[in-house]
Structure formats: structure tokens, C-alpha cells
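Numbers here are sequence positions counted from 1. Computed from a predicted model, the values in this text were never measured in an experiment. Hydrogens, waters and symmetry mates play no part in the numbers below; they use all other heavy atoms, side chains included.
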Amino acid sequence: MTVLPFSDDEIERARADTPAVFNRLHLDNCGAALMPKPVLDTVRAHLALEEKVGGYVAQEQQSQAHEQVYASLASLLGGNLRNFALTSSAVDAWNKAFYSVPLSKGDNIVTAYNEYCSNYVGFLAQSKRHGVEVRVARPDTEGKLDLEHLESLIDKRTKLVAIATVPSSSGQVNPVAEVGRIARAHDVLYLLDACQAVGQLPVNVEELGCDMMTGTSRKFLRGPRGTGFLYISDRALDAFEPAMMSNQAAVWVGPEQYDLRADARRYEDWERSVGNQLGFGAAIDYLRTLGSERAFATTQMRAAELREKLYALKTVTGTCPKDASAAIITFNKTGMAAAEVKAHLAEQNIGVQVANVLHTRLDLERRGIETTVRVSPHYYNTSEEIDRFVEAVDALKA
């Protein structure tokens, strides 16, 4: 069934909820999107409560609202409440899951050529510590993830398949559901980094077949910074314990005994930003109120429009793979460094970002890209803003 994008009136209402759009052309939503009023109001209200009664009492008084954040996550992403944990970031969530997977000398991890730097550094660290082999699935002749090659890398010593849905330096979308089926067929744990996908694309943990999924509040979900989530399946909960234990993970029931929590919250920290986590829940609820599927359709429509118009410029070289379709568009401007483009656009109150080979080294290095300008529209951007951006890029002079 075709999902219709938002009407112009609906986009204007979303913009009215986002006052910053009237002062800035914000095209860095895969970095940190602009928060809508309901999110800001939620965070501010909790800070005001903390001002009056202190952080611990404020948390107690907001316990029901805080519990609802887990329900909102499960409603958006599928799965059960018991399988979600709230963390301080997507990287925090990913590290807590990854470093808890038992590994020993001779084991191997299978990943993809466009994996994110933080994740890949984790692979290298475990390789150094435990003698684990890191196996990288290559792109096929069309530049897409080669599923046959990925499956050929899996053997009896494979302990984990770990990839990202969308890399941080392009709009390419990996075939993560197909990877999930391969991992299940081989009975291998599957860790999915959905940081750049959640909030701009439909994501359902059950349909994707992942054992673990991580994401953040601050990107396309439009929540506050300093909050992320971990989904961990019952199978993974049964397979291993957290690498680091705390009083949030377990109850100290005797001098030499603890009882581990049965749910995903064994991966949480007791100390947390309750206001930001409530803001995260407000961001999810805001998206669901707008209509998540239609929001996704609108974001993808705007991304396609921007990519087509930008790549039509004679002085622009697109640096996304040919099959890129997500709301991350990368390019370089003839005669100008990516950082120069960003700086000149910032002078016009246009926000973009620079992607560096350090972010997804195996992919960008293979394609001969050191740096590239990264733009990421959202459903609250308009066609007029896209035209303004393209005209601004076209007018830049080396």
C-alpha cells in the first residue's frame, strides 16, 4: 500500500512546532535534528521539577511517565517492553551489547565494508585482546553489500554478525533484513546499528531478525542529545550477561551473591538524565502522533528531491553510492574542500556537516574519498528550502 507524504499544511504545522526552522536552514538531521516544542517542553518541565525537589525525588514523581518511554519505543520498533534499555547514547548501547558477547581466540566477527568507525574500533580492540578475526563482507559489482560473500564468511567459529543499517557517510541502505535471515539460518547472534535509520525509515526488530539493535534520540527521532537505546532479544538475554555489572543490573542479595535482572534493563545505568529520557519518549510520541509512516515517506521524498537537484549541478560531484536512497546525501564541490563548503554555507545560516574517511574508512578509502559534504533533510524541510540550498551551493566560488 502506498503511503502518502505529508501535505503542505501538515509540513507547515510541523514547522510551527519547530521555531528554529525560521532562523536556520537545517540540513544536518543525521547529526542532530531540531527538537520540536513538545520535546523541549518535556525536558524543561522536568528540569523545573528537579529545581524544586531534587533529582531523585523528581525521578520518583515521574516514574509512570518514565515507564511510558519503554512502551513508546516498543510501539515504534516492535518487540516487548522487557527487551528495551535506555542508555546515554547509541555508542554506549552498542558497546554494552558488543563487549558482552563472549569471545575467545579463534572466533570471528562478520561485518560490512561500510561499518561505522566506533564499531570497527571495537572489533579491532577485541581482535587485539582475544585473537578474534574480523571478516569484512565486500560490496558487489554494483556497490551493494554482497550477501553471498557475507554468508560465505560465516562458519562454526563465527560468534557475531554486526552491521549498520545506514552508514554515517552516505545514503546507502544495507539489506539488513536479508542479513538477519542469514544470521538466523546459521544460528549466529546479530547486532544491528540502526542509529541513522530510526526516525527516517521503517524499523521493526522482529521483521529484521536482529538479536540486538542500537540507536539514538538526537538524530532523525528529534529527541535530546545524551540518550540512546538498546534492544536485546530474549535469545541474547539468555546467551550472555553484561560485561560490566552494577546495582542496576543486579540485586546484591547476599555477601557473595547477586540476582541478575531478567530484562534488558540489566544494561542500564542507575545514574541517568531522566529529563532527557522523558524528552526521548516525547520525541517518539510526537512522531507517532504525526504518523510515523507518513513522516518517513515525507523525509524520503525530500531526500530524493535534494539528491536529484544537487547532483544535477555541473560543479557538484555526488559521492553517495549509486543505490543510495536514504536521507543522507554526500557531495563535493569542484575546487573547494568540504570544510570550505560547510563554512561558506554556515555564513548563510545553512547547516551541513562534513563526512571524513575516519568515519567509514573501508568504504570511503576504497572509493578514494578523503572528505565529503554531508546533507540530511527532514520532513520539516520544504521544497523552497531545497531550492535555496541548491542555489547556494551552485553560487559558491573557489
Self-check item: Residue that, paired with Val176, satisfies side chain to side chain contact (heavy atoms under 4.5 Å, CB included) out of Ile163, Val203, Leu145
Solution: Ile163

Quiz item: Do Arg15 and Glu385 sit within salt-bridge range, that is, some charged N less than 4.0 Å from a carboxylate O?
Solution: yes

Quiz item: Should the ring pair His66 and Tyr70 be called parallel, tilted or perpendicular, given that the plane angle runs from 0 to 90° and is split at 30 and 60?
Solution: perpendicular

Quiz prompt | Point-to-point distance, once rounded to the nearest 0.5 Å, from CD1 of Ile182 to CG of Leu150 | solution = 5.5 Å

Exercise. Would you mind checking if Arg261 and Glu268 are paired as a salt bridge, meaning a charged N to carboxylate O distance below 4.0 Å?
Key: no

Self-check item: Spacing of Tyr120 atom OH and Ile109 atom CD1 [to the nearest 0.5 Å]
Solution: 9.5 Å

Practice problem: Check whether more than 12 heavy atoms from other residues, nucleotides or ligands sit under 6.0 Å from atom NZ of Lys159, and answer yes or no. | Solution: yes

Quiz item: Tell me, do Asp234 and Leu237 make a side-chain contact under 4.5 Å, heavy atoms counted?
Solution: yes

Quiz item: What is the distance from atom CZ of Phe229 to atom SG of Cys195, rounded to the nearest 0.5 Å?
Solution: 8.5 Å

Self-check item: No-hydrogen, no-angle side-chain donor-acceptor test under 3.5 Å, Asn276 and Thr227
Solution: no

Self-check item: Tyr379: which of Phe6, Phe296, Phe220 passes ring-ring contact (aromatic ring centres under 6.0 Å, His included)
Solution: Phe6

Quiz item: At their closest point, which heavy atom of Asn114 faces which heavy atom of Pro167, and how far apart are they?
Solution: O-CB, 3.5 Å

Quiz item: How many angstroms lie between CD1 in Ile329 and CZ in Arg307, if you round to the nearest 0.5 Å?
Solution: 4.5 Å

Quiz prompt | Short side-chain donor-acceptor distance under 3.5 Å, Glu60 and Ser63 | solution = no

Quiz prompt | Close side-chain approach of Val198 to Leu221, heavy-atom, < 4.5 Å | solution = yes

Practice problem: Give a yes or no on this: more than 12 heavy atoms of other residues, nucleotides or ligands lie within 6.0 Å of atom CG of Asp8. | Solution: no

Quiz item: Are a donor atom and an acceptor atom from the side chains of Ser170 and Thr330 found within less than 3.5 Å of each other?
Solution: no

Quiz prompt | Modelled atom types, side-chain donor and acceptor of Gln172 and Asp323, under 3.5 Å | solution = yes

Exercise. Please determine which of Asn356, Val357, Thr317, Leu364 meets the side chain to side chain contact (heavy atoms under 4.5 Å, CB included) test together with Ile369.
Key: Leu364

Quiz item: Arg218: what forms a salt bridge (charged side-chain N to carboxylate O under 4.0 Å, His left out) with it, not counting sequence neighbours?
Solution: none

Quiz item: Looking only at side chains, do Thr372 and Thr319 share a donor and an acceptor under 3.5 Å apart?
Solution: yes

Exercise. Report the C-alpha separation of Val373 and Lys342 in whole Å, then their side-chain angles, then the decisive distance to 0.1 Å, and conclude whether the side chain to side chain contact (heavy atoms under 4.5 Å, CB included) test is met.
Key: CA-CA 7 Å; Val373 185; Lys342 176 185 175 181; 5.7 Å; no

Quiz item: Hey, is Glu305 close enough to Lys309 for a salt bridge, meaning N to O under 4.0 Å?
Solution: yes

Quiz prompt | His378, His26, Arg222, Lys37 screened by side-chain hydrogen bond (donor to acceptor under 3.5 Å, both in side chains) with Thr18, the one that passes | solution = Arg222

Quiz item: Yes or no on salt bridge (Lys or Arg N to Asp or Glu O under 4.0 Å) for Asp155 and Arg135, after CA distance, side-chain angles and deciding distance?
Solution: CA-CA 11 Å; Asp155 60 23; Arg135 298 179 175 179; 2.9 Å; yes

Quiz item: Listed by chain and number, what are the side chain to side chain contact (heavy atoms under 4.5 Å, CB included) partners of Met244, not counting sequence neighbours?
Solution: none

Quiz item: Counting only N and O atoms by type, is there a donor-acceptor contact under 3.5 Å from the side chain of Glu365 to the main-chain atoms of Leu362?
Solution: no

Quiz prompt | Pairwise distance CG(Asp146) to CG(Asp140) - rounded to 0.5 angstrom | solution = 5.5 Å

Self-check item: SB check Arg138 Asp363 (cutoff 4.0 Å)
Solution: no

Quiz item: Would Arg366 count as a cation-pi partner of Tyr113, with NZ or CZ less than 6.0 Å from the six-membered ring centre and within 45° of the ring normal?
Solution: yes

Exercise. Decide whether Thr216 and Arg225 meet the rule of one side-chain donor and one side-chain acceptor closer than 3.5 Å.
Key: no

Self-check item: Arg266/Asp263 ion pair, N-O < 4.0 Å
Solution: no

Quiz item: Is the closest side-chain donor-acceptor distance between Thr158 and Asn108 under 3.5 Å?
Solution: yes

Exercise. Take Arg13 and Asp17, measure what salt bridge (Lys or Arg N to Asp or Glu O under 4.0 Å) needs, and give me the verdict at the end.
Key: CA-CA 6 Å; Arg13 285 197 291 273; Asp17 285 336; over 6 Å; no

Quiz prompt | Polar contact flag, side-chain donor to acceptor under 3.5 angstrom, Glu50-His46 | solution = yes

Exercise. Would you confirm whether the ring centroid of Phe331 sits within less than 6.0 angstrom of the ring centroid of Tyr311?
Key: no

Exercise. Mind checking the OG-CZ spacing from Ser168 to Arg374? Nearest 0.5 Å is all I need.
Key: 6.0 Å

Quiz item: Are Phe98 and Phe123 an aromatic pair by the rule of ring centers under 6.0 Å?
Solution: yes

Quiz item: Looking only at side chains, do Gln248 and Arg265 share a donor and an acceptor under 3.5 Å apart?
Solution: no

Exercise. Write out all pairs satisfying side-chain hydrogen bond (donor to acceptor under 3.5 Å, both in side chains) with one or both partners inside residues 187-200, taking only residues at least two apart or from two chains.
Key: Asn119-Asp193, Asp187-Arg235, Gln200-Gln300

Self-check item: Atom CD of Gln64 with >12 non-hydrogen neighbours under 6.0 angstrom
Solution: no

Quiz prompt | Crowding at CD, Gln348 (>12 non-hydrogen neighbours, <6.0 Å) | solution = yes

Quiz prompt | Near-ring test Phe84/Tyr231, centroid separation under 6.0 angstrom | solution = yes

Self-check item: Derivation and outcome, salt bridge (Lys or Arg N to Asp or Glu O under 4.0 Å), residues Arg288 and Glu293
Solution: CA-CA 9 Å; Arg288 292 170 58 227; Glu293 296 295 327; over 6 Å; no

Quiz item: Taking it one step at a time, do Asp269 and Arg272 satisfy salt bridge (Lys or Arg N to Asp or Glu O under 4.0 Å)?
Solution: CA-CA 7 Å; Asp269 299 320; Arg272 63 184 69 209; over 6 Å; no

